[in-house]
Q: 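Mind looking over this structure? Questions follow.
As the structure is a computational prediction, the values presented were derived from the model and not from experiment. So you know, we letter chains A, B, ... as the sequences are listed, proteins then strands, and number each from 1.
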Amino acid sequence: MLQVQFIREHKEEVIKKLRVRDIDATSMIEEVISLDEERRSLQTELDATLAESNKLSKEIGVCFKNGEVEKANELKAKTGALKETSKTLNEKLNEKAEELTELLYKIPNVPHPSVPEGKSDEDNEEIFKEGDVPTLAEGALPHWELSKKYDIIDFDLGAKITGAGFPVYKGKGARLQRALIAYFLDKNTEAGYEEYQVPHMINEASGYGTGQLPDKEGQMYHVGMDDLYLIPTAEVPVTNFFRDEIIKESDFPICCTAYTPCFRREAGSYGAHVRGLNRLHQFDKVEIVRVEHPEKSYEALDGMVEHIKNILRELKLPYRILRLCGGDLTFTSALTYDFEVYSTAQERWLEISSVSNFETYQANRLKLRYKDENGKNVLAHTLNGSSLALPRVIAGILENYQTPKGIKIPEVLVSYTGFDMIS
RNA sequence: GGAGAAAUGGCAGAGUGGUCGAAUGCGGCAGUCUUGAAAACUGUUGAGGGUCACACCUCCGGGGGUUCGAAUCCCUCUUUCUCCGCCA
């Protein structure tokens, strides 16, 4: 969430920048400021009452020590009223503070100046494109046909044991999946990201920390009996490592990578574009997460983009990079680049990675700070990106690498798969 | 799942109703000494709110209660440890 102090000091700027998201936040911002004022004045009043009450309590203690019981009882009588006052004030204060927090949760991150205005994905800005779109032989198939033809992914079997959107990978399909995970993790660790294996369920506090809660709980699977959520991305457990932490400035940059399955309810998304691997309830992803010094975070973001470019180059997949427009930007992000692979058989772009800088938006909720050279605690910047999401990479490989004889395996993967052709 | 013990500052660890935001040690930072470093010595060193700055307020795992007053007493939740049971 945004910092109240920042809103207070940059009111017009915040409103103006949120307009890039096609949001008129004027009334919300005004309310934040007035709630904060109320909160502070209640706090001051409460503090004064408590100070008075503390003072009396100390005097009573002294009286008892000196045996002045009568005087002590006189003073005691006075404290009663103060206690009532402070109780009422405290209740009001909590109410206001809660109202304020709830409102802050509803205000999305302020976009970076480079974010183009726009309402939907149509307004995203293509900033880079690379790789040759292959010319496929007559009768090229989309991946869902290919996976049936070569018997490597079984959607029906998954539907039988769990439901739609939970595919079963088999044989060379399973092996390809495992190869990609290992390959991605290797690339990430080579680039300096430390590898982690993390829980696939998170508690409520972690959900709030990275912003899945309170808004998007409908998108997560909830394990009611134990009140845990299945992770929608490794970003959640990994970023929450740093919840309530004050790190040393010399710890920067912190670079983590983790492979996890991701669980998403994807409530309300159905249709032609969700066929096959295009949109799943469970999928695998290798994620990279960074915690950065505020002055270095955009440099880091560029570094992440370059890193992912390199992977796609090695895989020899045609891809492009989009700078998301305000309307398509996720709630918590200040700047996001999406990577899309071109699926020749489907004749459309498939999102395979999303790389974002959240600046202090997550850090403020997480209370993730570092001590600067003056000993002051300052919010850090958090970033993350997929490196990469498996299903659509697989879709891209199957569709772009198909030949009449079978599906070729990208060269860099052969040492991981142990075969160079699915036929 | 059952029985018991515990949770205090970066770490270790005192503190069982008032003078405790908290002894002491270690670590960190600054300084003295030194050519430099180490050692020794001196000082400093939790977080949040609030203020121009002070004052002041809150926080001893979380929440609630008792009391004029709670790190300290009570309730509750969570976590950790030990023992038993179950189990990949």
Q: What distance, rounded to whole Å, do you find between the two C1' atoms, one in B:G49 and one in B:U82?
A: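 To the nearest whole Å, 41 Å.
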Q: Among A:L301, A:V291, A:L368, A:N357, whose side chain to side chain contact (heavy atoms under 4.5 Å, CB included) with A:H381 holds?
A: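 Single pass found, and it is A:N357.
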Q: Which of these nucleotides, B:G46, B:G48, B:G69, is closest to any side-chain atom of A:K83?
A: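 Minimum distance to the A:K83 side chain belongs to B:G69.
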Q: Give me the distance, rounded to whole Å, that separates B:G61 from B:A6 when you measure between the P atoms they each carry.
A: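 14 Å, rounded to whole Å.
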Q: Should the pair A:R19-A:D24 be classified as a salt bridge under the 4.0 Å nitrogen-to-oxygen rule?
A: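 Salt bridge between A:R19 and A:D24, a charged N being under 4.0 Å from a carboxylate O: yes.
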Q: Between B:G48 and B:C29, how far is it from one C1' atom to the other, in whole Å?
A: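 It comes out at 23 Å once rounded to the nearest Å.
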Q: Do any N or O atoms of the protein come closer than 3.5 Å to N or O atoms of nucleotides 77-79 of chain B, and which pairs are they?
A:
none

Q: Checking side-chain polar atoms at under 3.5 Å, does A:D284 have a donor or acceptor matched by the opposite partner on A:Q177?
A: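 Yes - a donor-acceptor pair under 3.5 Å links their side chains.
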Q: Under 3.5 Å, is there a donor-acceptor pair between the A:Q43 and A:D47 side chains?
A: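 There is such a pair between these side chains.
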Q: What I'd like to find out is whether the side chain of A:Y401 reaches to under 4.5 Å of the side chain of A:M421, using heavy atoms alone.
A: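 Not in contact.
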Q: Between B:G9 and B:C83, how many Å separate the two C1' atoms, rounded to a whole number?
A: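 These two C1' atoms come out 33 Å apart once rounded.
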Q: Measuring to OP1 and OP2 of B:A47, would you say a side-chain N or O of A:N377 lies under 4.0 angstrom away?
A: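 Result: yes.
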Q: Sort out for me which residue in A:E351, A:R392, A:Q346 forms a side chain to side chain donor-acceptor pair (under 3.5 Å) with A:N278.
A: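 Going through the options one by one, the only one that passes is A:Q346.
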Q: Decide whether a cation-pi geometry holds between A:K285 and A:Y259; the criteria are a distance under 6.0 Å from NZ or CZ to the six-membered ring centre and an angle within 45° of the ring axis.
A: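 No, cation not above the ring by the 6.0 Å, 45° rule.
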Q: Does A:K11 come within less than 4.0 Å of A:E30, counting only side-chain N to carboxylate O?
A: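 Yes.
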Q: Report the base-pairing partner of B:G21 (Watson-Crick or G-U wobble, both distances below 3.5 angstrom), or none.
A: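 Paired with no nucleotide.
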Q: With the sugar-phosphate defined as primed atoms, P, OP1 and OP2, and the base as all remaining atoms, what B/S/- string results for nucleotides 50-57 of chain B, 5' to 3', for protein heavy atoms under 4.0 Å?
A: SS----SS
Q: Write down the distance separating the C1' atoms in B:U45 and B:C26, rounded off to the nearest Å.
A: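 Between the two C1' atoms, the distance is 13 Å.
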Q: If I pick the P atom on B:U78 and the same atom on B:A88, what distance separates them, to the nearest angstrom?
A: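 Rounded to whole Å, the distance is 26 Å.
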Q: Under 4.0 Å, heavy atoms only, any strand: does A:K248 hit a base, just the sugar-phosphate, or nothing?
A: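 If one applies the 4.0 Å heavy-atom cut-off, A:K248 turns out to touch nothing in the nucleic acid.
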Q: Looking across every strand, which nucleic acid part, if any, lies under 4.0 Å from A:S57 by heavy atom: base, sugar-phosphate, or nothing?
A: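 Base contact.
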Q: When the P atoms of B:C81 and B:G13 are considered, how many whole Å apart are they?
A: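 Each nucleotide's P atom is 15 Å from the other's.
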Q: When the P atoms of B:C59 and B:A70 are considered, how many whole Å apart are they?
A: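 Result for the P pair: 8 Å, nearest Å.
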Q: Can you classify the ring geometry of A:H293 versus A:Y370 as parallel (below 30°), tilted (30 to 60°) or perpendicular (above 60°)?
A: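 Tilted, since the angle between the ring planes falls between 30° and 60°.
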